[in-house]
Amino acid sequence: MMKVLFIGDIFGKTGRKMLRKFLPNLKEKYNIDLVIANAENSAHGRGATPKILAELRRVGVDFFTSGNHIWQNHTIYEELEDKDSDLIRPANYPSNVKGYGYKTIQVSKQKVLIINLIGRVFMKEDFDCPFRKIDEILEEQKGKYDIALVDFHAEATSEKVTMKHYLDGRVAAVVGTHTHVPTADCQITKEGTAYITDVGMVGSRDSVIGLKKDAIIQKFLNQTPVKHEVEEHGEIELGALIVDIDEQTGLAKNIEQIILFDEF
């Protein structure tokens with residue numbers, strides 16, 4: 001049985017501090033084989049940097065997915081373009097965009113295909129269809145992997161739930177990211193796919209999805225731009241998901257939602 005720990009969007013220094021404190025213990029307690037984390041907000045809420053990814057590797061993250069904010073630090077572009085990098089971006093960006101949308105890594109004796117997708121509903125950008133893209137990837141990679149995992153970085157719950165049904169029994173897990181709010185719907189489908197609409201984030205609970213609340217309140221009241229600042233104090237939450245995967249079938253056998261809190 002392979003145990004995978006998937007960590008929600010890491011938000012700034014606050015989230016990184018939370019991981020430093022809890023991730024080593026989580027890995028030991030649950031005997032985790034693979035740690036995947038969404039790093040698109042890890043650099044002060046705006047993208048990622050090579051230095052920050054190195055920091056996260058040291059505390060135990062094995063592989064990084066991302067989303068539409070990954071482009072906000074140009075220093076990460078070289079890492080995105082490295083075919084041996086442990087960082088991917090959503091696969092359904094146009095084909096000429098820097099980086100890779102999926103990679104296969106070796107975990108013990110298993111070849112694990114990790115795929116990053118981004119949703120289209122309520123998103124400003126005009127992305128390619130994630131449903132057609134996942135079909136293309138799974139067909140292209142057929143016979144080259146043992147286990148497939150998907151980070152679906154999307155806004156709309158309906159789009160995420162539809163992806164769950166579309167991939168039922170075809171991948172081991174579909175984990176939703178992007179909204180930073182953990183949902184109470186983790187399940188294993190009839191055909192063996194682990195699913196959650198949103199795994200949550202690693203960041204300030206006393207905030208608006210990681211940002212200082214007062215400025216965002218003013219933005220809603222006045223409809224004018226405000227400066228986005230990461231909240232670095234108060235109660236911090238860590239949202240994650242543990243999936244047990246049958247190495248013979250490549251499908252999920254057990255799922256456990258992890259939500260931890262601490263005060264900094």
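Quantities reported herein were computed from a predicted structural model and do not represent experimental measurements.
- Between D244 and K3, at least one side-chain nitrogen of the basic residue sits less than 4.0 Å from a carboxylate oxygen of the acidic one, meeting the salt-bridge criterion.
- The minimum heavy-atom distance linking A194 with I255 is given by the pair CB-CD1, 3.9 Å.
- F220 CZ: 12 or fewer foreign heavy atoms inside a 6.0 Å radius.
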Step-by-step side chain to side chain contact (heavy atoms under 4.5 Å, CB included) determination, R16 to F11: CA-CA 7 Å; R16 303 197 310 269; F11 206 91; over 6 Å; no

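- Annotation: Q248, atom CD; neighbour count of heavy atoms from other residues, nucleotides and ligands within 6.0 Å does not exceed 12.
- For the pair K51 and E79, the salt-bridge criterion is not met [side-chain N within less than 4.0 Å of a carboxylate O].
- A donor-acceptor pair is defined here as one N or O able to donate and one able to accept, closer than 3.5 Å; no such pair exists between the side chain of S85 and the backbone of D82.
- Residue I7 is tested with L241, I258, L23 for a side-chain contact (heavy atoms from CB on, under 4.5 Å); the sole match is L23.
- With contacts defined as side-chain heavy-atom distances shorter than 4.5 Å, the pair Y93/W71 qualifies.
- In this structure, K160 fails the cation-pi test against F152, since its NZ or CZ atom is not both closer than 6.0 Å to the six-membered ring centre and inside 45 degrees of the ring normal.
- Figure legend: R89 and Y100 shown without cation-pi pairing, the cationic atom not lying both under 6.0 angstrom from the six-membered ring centre and within 45 degrees of its axis.
- Between I36 and I114, some side-chain heavy-atom pair lies under the 4.5 Å cut-off.
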Verdict with reasoning, H69 to D9, per side-chain hydrogen bond (donor to acceptor under 3.5 Å, both in side chains): CA-CA 11 Å; H69 294 304; D9 303 53; over 6 Å; no

Residue pair K142, E139: steps toward the salt bridge (charged side-chain N to carboxylate O under 4.0 Å, His left out) verdict: CA-CA 5 Å; K142 185 182 294 185; E139 178 61 30; 3.3 Å; yes

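- For the pair E55 and R20, the salt-bridge criterion is met [side-chain N within less than 4.0 Å of a carboxylate O].
- Distance alone, capped at 3.5 Å, is enough to place a donor-acceptor pair between the D198 side chain and the T179 backbone.
- Between I105 and L34 there is a side-chain heavy-atom pair separated by less than 4.5 Å.
- Within the 3.5 Å criterion, the main-chain N or O of Y30 finds no donor-acceptor partner in the side chain of E28.
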Criterion side chain to side chain contact (heavy atoms under 4.5 Å, CB included) on N116 and I88, from CA distance to verdict: CA-CA 7 Å; N116 203 169; I88 56 175; 3.7 Å; yes

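- Counting non-hydrogen atoms of neighbouring residues, nucleotides and ligands closer than 6.0 angstrom, the NZ atom of K253 reaches no more than 12 such neighbours.
- Cation-pi geometry between R120 and F122 is not met: the NZ or CZ atom fails to fall both under 6.0 Å from the ring centre and inside 45° of the normal.
- Counting non-hydrogen atoms of neighbouring residues, nucleotides and ligands closer than 6.0 angstrom, the CZ atom of R46 reaches no more than 12 such neighbours.
- Counting heavy atoms from C-beta on, the side chains of K13 and V230 never come closer than 4.5 Å.
- T197 places no side-chain N or O within donor-acceptor distance of the main-chain N or O of T183, the cut-off being under 3.5 Å.
- Counted within 6.0 Å of CG on N222, heavy atoms from surrounding residues, nucleotides or ligands total more than 12; the atom is thus considered enclosed.
- A salt bridge links D86 with R57: the closest approach of a Lys/Arg side-chain nitrogen to an acidic carboxylate oxygen falls below 4.0 angstrom.
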Residues H153, E40; criterion side-chain hydrogen bond (donor to acceptor under 3.5 Å, both in side chains); working and verdict: CA-CA 10 Å; H153 196 76; E40 74 148 3; 2.9 Å; yes

Side chain to side chain contact (heavy atoms under 4.5 Å, CB included) between V4 and I32, intermediate numbers included: CA-CA 6 Å; V4 177; I32 299 298; over 6 Å; no

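- The side-chain hydrogen bond (donor to acceptor under 3.5 Å, both in side chains) test applied to D151 returns N38, T65, T177, not counting sequence neighbours.
- Shortest non-hydrogen contact noted between T104 and K111 is CG2-CB, 3.9 Å.
- D206 has a carboxylate O that lies under 4.0 Å from a charged side-chain N of K213, or vice versa, which qualifies the two as a salt bridge.
- Counting non-hydrogen atoms of neighbouring residues, nucleotides and ligands closer than 6.0 angstrom, the CD atom of E235 exceeds 12 such neighbours.
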